[in-house]
Amino acid sequence: MSMPVALAERRRLPVHRRALPLLAVGIARLLAKVRPARLRTVLEFARRGAAPATAAQALRAREEVVSVSLRCAGQGCLQRSIATALLCRMRGAWPTWCTGVRTHPFAAHAWVEAEEQLVGEGHPKGHFKTLMSIPPLAEDRNR
């Protein structure tokens with residue numbers, strides 16, 4: 001049995017602004033298939049040297065990722081969250097990348113946070129128990 005899914009609102013980006021989001025989505029698609037330990041290693045490496053992302057930066061990145069990828073606009077939360085974090089990183093910032101679960105009913109989810117708030121999510125903070133998070137590095141916060 002399938003369940004109906006409502007896609008996130010998608011605004012079309014001008015052609016000249018699609019390259020970076022498409023690159024982030026493509027890399028994220030590959031990374032979404034690797035083991036969690038390898039994904040952690042790659043994302044921890046990627047965040048080095050980046051300033052903490054603001055909520056506005058992270059939301060803009062998420063909206064751009066959703067605008068260029070139908071999978072990211074739907075239930076592809078892992079790919080969407082990785083692509084959002086990578087797109088922020090391409091612009092010199094890093095949000096907190098998270099993945100977690102809820103137990104009743106069981107569901108796994110991946111998302112990004114910035115400035116202590118969830119970015120573009122329809123559920124409240126704490127709805128999912130965080131199992132893995134990759135925040136900006138502490139030494140980068142004091143730039």
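Numbering of residues begins at 1 and proceeds along the displayed sequence. Reckoned from all heavy atoms, side chains included, excluding hydrogens, waters and symmetry mates.
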So, the side chain of Arg47 versus the backbone of Trp94: is there a donor-acceptor pair under 3.5 Å, distance only?
no
Rounded distance (nearest 0.5 Å) linking atom CD of Glu115 with atom CG of Leu59:
11.0 Å
Donor-acceptor pairs are to be reported for all side-chain atoms of residues 125-138 against protein atoms at under 3.5 Å, with residues two or more places apart or in another chain.
residue: Lys125; atom: NZ; partner: Glu113; partner atom: OE1; Å: 3.3
residue: Lys125; atom: NZ; partner: Glu116; partner atom: O; Å: 3.4
residue: His127; atom: NE2; partner: Arg102; partner atom: NH1; Å: 3.1

Pairing residues for Cys77 by the side chain to side chain contact (heavy atoms under 4.5 Å, CB included) criterion, not counting sequence neighbours
Arg80, His109, Ala110
Heavy atoms only: give me the nearest Ala46-Leu86 pair and the separation to one decimal.
CB-CD2, 4.4 Å
What closest approach, in Å, do Cys88 and Gln57 show between heavy atoms, and which atom pair accounts for it?
SG-O, 4.0 Å
Are Ile82 and Leu118 connected into the same hydrophobic cluster when the rule is that any two of I, L, V, M, F, W, Y join if their side-chain heavy atoms are below 4.5 Å apart?
no
Could you walk me through whether Cys98 and Trp111 pass side chain to side chain contact (heavy atoms under 4.5 Å, CB included), step by step?
CA-CA 5 Å; Cys98 303; Trp111 65 94; 3.4 Å; yes
So do Thr84 and Val119 actually touch side chain to side chain, heavy atoms under 4.5 Å?
no
Scanning both residues in full, the closest heavy-atom pair of Ala114 with Ala58 reads CB-CB, 4.1 Å
Tell me if a side-chain donor or acceptor on Ser81 pairs with a main-chain N or O of Leu78 at a distance below 3.5 Å.
yes
Pair up each side-chain donor or acceptor in residues 17-43 with any protein partner under 3.5 Å, not counting sequence neighbours, and list the distances.
residue: Arg17; atom: NH2; partner: Glu64; partner atom: OE2; Å: 2.8
residue: Arg18; atom: NE; partner: Leu13; partner atom: O; Å: 2.8
residue: Arg18; atom: NH2; partner: Leu13; partner atom: O; Å: 2.8
residue: Arg40; atom: NH1; partner: Glu44; partner atom: OE2; Å: 3.2
residue: Thr41; atom: OG1; partner: Ala37; partner atom: O; Å: 3.0

